[in-house]
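Numbering of residues begins at 1 and proceeds along the displayed sequence.
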Amino acid sequence: MNLLTAKIAAQGQALELLAERQKVLAGNIANADTPGYQARDFDFARALAEARGQGGSALATTAAGHLDTGGGAAGVTPTVQLEWRTPDQPALDGNTVDLDRERASFADNALRYEATLRFINQDVKNMLSAITGQ
């Protein structure tokens, strides 16, 4: 992995995971009134650690000719393991969506997505100014 793009690639993985989590949370909110629907989510920190090769699923370099990925594999879309959310108080119809929790998580995740996007934009601007010498 190129040193210039390593930081952006790491933030790109975080951005992909945040986008995936936003879809999961939106699905939970959309099914808040669906009888029997079980809320789902995933551990973002663990998924990000695994995507960056810190969760024990990194590529192993077993021969001298293997390239070191420097942690996570570049260009590989991170995968997530969806888990069932444990309800604080499930509804009588079996639905486990806590709408207040989902909305708060959705807003928090959207804020993190926006912040990560701004970090990436700033890193690109910094690289461009360094390359052009301005």
Side-chain donor-acceptor pairs under 3.5 Å in residues 86-93, sequence neighbours left out?
unit_1, atom_1, unit_2, atom_2, d
Asp88, OD1, Arg101, NH2, 3.4
Asp88, OD2, Arg101, NH2, 2.8
Asp93, OD1, Asn95, N, 3.0

By side chain to side chain donor-acceptor pair (under 3.5 Å) - contacts of [X] (at least two apart):
X: Asn126; answer: Gln122
X: Gln38; answer: none
X: Glu102; answer: Asn28, Arg85
X: Asp98; answer: none

| remark: Correct closest heavy-atom pair for Ala47 and Val80 would be CB-CG1, 4.1 Å
| message | Show every salt bridge (Lys or Arg N to Asp or Glu O under 4.0 Å) that has at least one partner inside residues 117-134, sequence neighbours left out. | response | Lys7-Asp123, Glu114-Arg118
| message | Can you list everything that forms a salt bridge (Lys or Arg N to Asp or Glu O under 4.0 Å) with Asp108? Sequence neighbours excluded, please. | response |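 Asp108 satisfies salt bridge (Lys or Arg N to Asp or Glu O under 4.0 Å) with Arg112 only.
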| request: Could you work out the complete set of other residues in the hydrophobic cluster of Leu99, with links drawn between I, L, V, M, F, W and Y side chains under 4.5 Å apart? | output: Leu25, Ile29, Phe106
| said: Could you list the cluster mates of Trp84? Members are the ILVMFWY residues connected by side-chain heavy atoms closer than 4.5 Å, either directly or through other members. | reply: none
| With the 4.5 Å side-chain cut-off for hydrophobic clustering, are Leu48 and Leu82 part of the same group? |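 Same cluster.
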| query | Would you call Glu83 and Arg46 a salt bridge, using N to O less than 4.0 angstrom? | reply | yes
